[in-house]
Structure formats: structure tokens, C-alpha cells
Amino acid sequence: MAMTNRRSLLGAFGALAAAAALPGPVRTAFAQAKLKPGPKDALLVVDIQKCFLPGGSLAVGKGDEIVQPVNEMAKRFQIVILTQDWHTPGHISFASSHAGKKPFETVQLPYGTQVLWPDHCVQGTEGADIAPGLAIPHANLVIRKGHNAKVDSYSTFIEADGKTKTGLDGYLKSRGVTSVYLCGLATDFCVAWSALDARKLGFSATVIEDLCRGIDTQGSLAKAWAAMKTAGVKRVQSSDFA
């Protein structure tokens, strides 16, 4: 064996031995650094509302499971934004607004293909309320979206027409935020569209997968993850945080 090869191997073995000898917490950090949000990071808590919980008009399976873990995650962030779907009665995204159409069918609207939903999160109704148990008293801002009767808005940044902004990007930039982390309901619609628009607007975007739940209609969940990966959206678990 050549001297240089032996030295390389000895160096590698030495590094491994040194890592193994480190105390448990240090060894863990050596293997993988934990995420520690700072003043340039914001948490977007997307649409955790009564209508999207079990028993609601557009219930997302096991959506109630994320409420308490989201409360705990929010404690790690200085900047937290809550969002609410906030539709008008007879909103264009409701199946009931289109004769002969059923929920989860699609129609073509001026801004593109629209999935039709059961009536949900109507302004001023109990179903539009923030979910019981979601307790984030230090939240900085609540963004209400979908209030344009003729345009849907999955994204917390831009309505479905692709041009009308909610103003969230301006708020975040004025606070010096460069990176957003997302959790909430539903993974394949409001969370995914928000993450994609965050990237378009110049933010780093990371979805906390286990603090989301999806609807998954017609393969929408797999499509959403594929689109997010292509756009450079990161995918992590809550256990990745310090």
C-alpha cells in the first residue's frame, strides 16, 4: 500500500474515532446540525381552521393531529404568521356556485383550472374560525385570503390569478425575513402554493412535512411535492429542529 493511501486511511479512521469519542449531544450535532430559527426566519401557519378539521365541511384527514405540535413549533420562531381562508358566500371556488357540478370536479375559469370545493370558510361563520386549541399568542400577523369572490387564493402570497398580491411578501421583507417555514393545511394546496410563491418572490422555503396534512385528490399530493422539489423547496421534519 502506498504511503499516501495509508495516511489517508489513518486520517479517516482517526476522524471516526474522534467523533465516536464525543459526548452524546456533541456527537449528534457532529452528525447533523439541528435547525435553529433566527430573526430572518418566519413560520407560516397555513389555514388551521375549523372547516379543515374532522367534522368540518372540507375536513383534511387527521388535520387535528397537527394543532398541538404546531403550537410547540411556533415557540421556536420570533416571527409567526397565521393565515385564514376567508371566502365570500357563493364564492367561485364552491361547487354549489356551478350548476350540475360536484365537489372535487374541475372547471375552467379565466385564471385557469379550478378545483371545486364544498362551501367552506365563509366569512364570519364558525367554520372560518381559527381551530380550537391553536394557541400562538405571539403571532405577528393574520393574513386572510380568498376574499375575492371571483378568484380563489390557495397561496398566502398571490391569488390564483397569478398577479394579485396579499401583501405578505412586503411585510416579510420589511421585517428582514429571508426564509419561510411552512406548516398547516393542506399540504397539496394552500401549503404547496404558498411555498412555490415564496420561492418565486425570492425567499428560501421549507415545508415541515409532519406538521402538515394533505387532501390528495387525483394525485395532487405527489404532484405538489414534485413541483416543490423542482422549485427548490426544502422538506424537513419537526424532529430536525433544536
Side-chain angles (χ1 to χ4, degrees), residues 35-52 66-67 69-88 91 93 111 121-124 128-131 134-209 211-212 224 227-228 231-236 238 241:
L35 296 170
K36 294 182 179 181
K40 293 186 177 182
D41 302 311
L43 179 67
L44 305 187
V45 179
V46 179
D47 296 2
I48 302 183
Q49 296 168 258
K50 284 188 176 182
C51 269
F52 298 129
I66 69 171
V67 174
V70 167
N71 288 339
E72 293 303 312
M73 178 58 65
K75 295 176 183 177
R76 297 175 168 89
F77 287 82
Q78 298 175 34
I79 300 176
V80 181
I81 313 299
L82 307 183
T83 77
Q84 283 180 281
D85 246 11
W86 198 246
H87 294 308
T88 57
H91 193 267
S93 69
Y111 55 82
C121 296
V122 175
Q123 297 170 6
D129 290 347
I130 296 293
L134 190 70
I136 308 176
H138 69 290
N140 307 92
L141 182 70
V142 177
I143 288 283
R144 288 175 167 171
K145 58 189 181 60
H147 47 74
N148 184 337
K150 298 300 182 183
V151 182
D152 205 1
S153 185
Y154 299 140
S155 171
T156 61
F157 290 97
I158 305 173
E159 293 185 4
D161 62 5
K163 58 185 179 182
T164 305
K165 290 186 176 183
T166 65
L168 178 57
D169 67 316
Y171 174 81
L172 292 175
K173 289 175 181 176
S174 72
R175 295 290 305 272
V177 171
T178 58
S179 179
V180 296
Y181 291 79
L182 301 98
C183 59
L185 306 170
T187 313
D188 37 346
F189 287 93
C190 296
V191 172
W193 283 53
S194 297
L196 292 169
D197 280 344
R199 294 293 296 133
K200 291 175 186 175
L201 293 166
F203 297 97
S204 170
T206 303
V207 173
I208 309 172
E209 183 178 11
L211 299 189
C212 302
M228 287 190 281
V233 176
K234 301 172 186 175
R235 184 175 182 174
V236 301
S238 58
F241 289 79

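Please read these numbers as outputs of a predicted model, since none were measured by experiment.
With hydrogens and angles disregarded, no donor-acceptor distance shorter than 3.5 Å links the side chain of R144 to the backbone of W86. For the pair N71 (side chain) and L134 (backbone), a donor-acceptor distance under 3.5 Å is absent. Formation of a donor-acceptor pair under 3.5 Å by the H91 side chain with backbone atoms of C121 is not found in this model. A side-chain donor-acceptor contact under 3.5 Å links Q84 to the backbone of A128. In this structure, Y154 contributes its side chain and A192 its backbone to no donor-acceptor pair below 3.5 Å.
Atom CG in L43 sits 10.0 Å away from atom OH in Y181 (nearest 0.5 Å). Between C212 atom SG and L185 atom CG the span is 7.5 Å, to the nearest 0.5 Å. Taking CG from L211 and SG from C183, the interatomic distance works out to 5.5 Å, rounded to the nearest 0.5 Å. Atom CD1 of residue I208 and atom NZ of residue K234 lie 12.5 Å apart, to the nearest 0.5 angstrom. For the atom pair OG1 (T156) and CG (L44), the distance works out to 5.0 Å, reported to the nearest 0.5 Å. Once rounded to the nearest 0.5 Å, the distance linking CG of L141 with CD1 of I81 reads 4.5 Å.
When all heavy atoms are compared, the tightest approach of T88 to H147 is CG2-O, 3.4 Å. Across all non-hydrogen atoms, the minimal contact from T83 to V46 is OG1-CA, 3.3 Å. Here the shortest heavy-atom pairing between F203 and R199 reads O-NH1, 2.9 Å. Here the closest non-hydrogen pair linking V177 and A42 is CG1-CB, 3.9 Å. Between V207 and A195 the shortest heavy-atom distance is CG2-CB, 4.1 Å. Closest of all the heavy-atom pairs between K145 and C190 is NZ-SG, 3.4 Å.
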What's the verdict on side-chain contact (heavy atoms from CB on, under 4.5 Å) for V151 and T164, showing C-alpha distance, side-chain angles and the deciding distance?
CA-CA 10 Å; V151 182; T164 305; over 6 Å; no
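Heavy-atom contacts from other residues, nucleotides or ligands closer than 6.0 Å to NZ of K165 number 12 or fewer.
Taking the six-membered ring for Trp, F189 and F52 have ring centres at least 6.0 Å apart.
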